[in-house]
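Notes to accompany the following structure.
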Number of protein chains: 2
Amino acid sequence: MTQGTASHAAQPATGDSIAQALSLAIHEHRIAPGTKLGEGELADIYGVSRTVVRAALLSLSHIKLVDIRRNKGASVASPSPTEAHEVFEARELLEPRTAHTAARRATQADIARLERHISDEHAALDAADPGRALYLSGLFHTEIARIADQATIAGFIETLVARSSLIIALYWRRESALCEKHAHHALVQALADGNATQAEELMRSHLVDLHSALDLRERNGRTLSLRDALSP
Amino acid sequence: MTQGTASHAAQPATGDSIAQALSLAIHEHRIAPGTKLGEGELADIYGVSRTVVRAALLSLSHIKLVDIRRNKGASVASPSPTEAHEVFEARELLEPRTAHTAARRATQADIARLERHISDEHAALDAADPGRALYLSGLFHTEIARIADQATIAGFIETLVARSSLIIALYWRRESALCEKHAHHALVQALADGNATQAEELMRSHLVDLHSALDLRERNGRTLSLRDALSP
DNA sequence: CAAACAAAGATTGTATACAATTTTGTGTTC
DNA sequence: GAACACAAAATTGTATACAATCTTTGTTTG
């Protein structure tokens, strides 16, 4: 991702593309929770007017990645401990069922794609790119939701996974910010075996494990210049 | 709700207030699925510029009440049979658990409020206001989610309940568009008794019943002039 | 009459200008 | 140095102007 979409591409940035770029930056921890997202600054970075930026920010506010306060502007959301708990609780309610359904539906191509995700994730780690690895780790979950072929629930899971990256930035207390390696492997195996019950149970314990790795007793995030963060 | 917020109130309509007004109109079946939502027309109705209207429409598109097509404008969403099925399936996954939690947490005040909802709903029916009754019927469900005090899941349920009103408009095949009277009463009783297991089971069967009342084999909705629909 | 094409009108997407609100900077007083 | 008041600058909210795209209408052709 270069400086700004408009600078090097034939198409000007749209609200959607800016929202996606910001979402990715947030997900990869290139922008920290609490970071001010000034409309003028973003308009400069992306080479569009404030109108387009405002639409992007409004969209991101709907999935709670961005917090907009009237007359005070937008910033990257900073979930409270309560919100963090709720997000993981919601995941624990939705994702096991999704894994169950996915195990019944997964094709060879699906399994291959999941395995590619896992190896891409580890490649990113080896390349000292933990942000990328974190993003891919989350994408693994949304990919399982896609396989389950229930778009409504998959949409909720996508939102929850995105918010999880903010929560991890704020509350994670393990050295690695990632899901444990073997948990994803075991899930892929259960899906490959078409073992719905196993997939469901593995997903549940995986999420309970993630939830338990959160220290939900307040701490502060770091800040970073906006332009730097958006230029990996 | 009079002609337009700006016409009679000290405050001009905001994106949020317009989105709420449109959502209510959709929920009460005053605007049908598929209805074109022209920016200029809405700007006239609400006495604001297109900028504010666009923000409202974008917000509504995020909860899938409105469908925005680039360069073609916005219309009230028209869920497909697949989407309809998914929405109720998601509700069947989320709401029983929510009812379970609500039964454990409900206060006397909560129960009184739910009972008031039920009687308001019947008053609306008696007043030959089925749209209002439908809205209140849905609100009963979101109220239970509020009692459960899990904002993340309650947010999802709110979205699903709103979309349900569109689905009912398109696919409902019973004479009354409402939840059955005794189902809500029984739920309130289970909550009042603090019987979490009963509440969960009653909610599940209630939703399965609603789901079964849908004829998910395509049919068309009606259309209505926009100004008429927004002036109850 | 139907089909194809062009022109006119309407609508949507976006930039820019203006109004309103907030933040920052400066000076004064204690 | 801290607190306060005020002015200036910056940012956010919204209207309006302009550009791009789509839809409707009118005209021509077979």
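Everything numeric in this text was worked out from a predicted model, so none of it was measured.
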dT12(C) C1' sits how many Å from R70(B) CZ, rounded? 9 Å
Looking only at the side chain of N71(B) (C-beta and beyond, no hydrogens), which of the listed nucleotides dT21(D), dA15(D), dT14(C) gets closest? dT21(D)
Spacing between L42(A) atom CG and dT14(C) atom C1', to the nearest angstrom: 17 Å
Sort out for me which residue in K64(A), E86(A), H85(A) forms a side-chain hydrogen bond (donor to acceptor under 3.5 Å, both in side chains) with T152(B). E86(A)
Interatomic distance, R69(B) CZ vs dT11(C) C1' [rounded to whole Å]: 17 Å
Among dT14(C), dT11(C), dA15(C), which is the nearest nucleotide to the side chain of T14(A)? dT14(C)
Quickly work out the D44(B) CG to dA10(C) C1' distance and round it to whole Å. 13 Å
R132(A) and D120(A): salt bridge (charged side-chain N to carboxylate O under 4.0 Å, His left out), yes or no, with the steps? CA-CA 9 Å; R132(A) 178 80 184 156; D120(A) 286 352; over 6 Å; no
Can you check the R54(B) CZ to dT14(C) C1' distance for me, whole Å? 8 Å
Between CZ of R50(B) and C1' of dT21(D) the distance, given in whole Å, is 13 Å
Just how far, in rounded Å, is P of dT14(D) from CG of L58(B)? 14 Å
On DNA chain C, nearest-nucleotide positions of G73(B) versus T51(B): which is more 5'? G73(B)
Gap between atoms NZ and P, on K72(A) and dT11(D) respectively (whole Å): 14 Å
Does the gap between the ring centers of Y135(A) and H27(A) come in under 6.0 Å? yes
Pairwise distance OG(S119(B)) to CG(L136(B)) - rounded to 0.5 angstrom: 9.5 Å
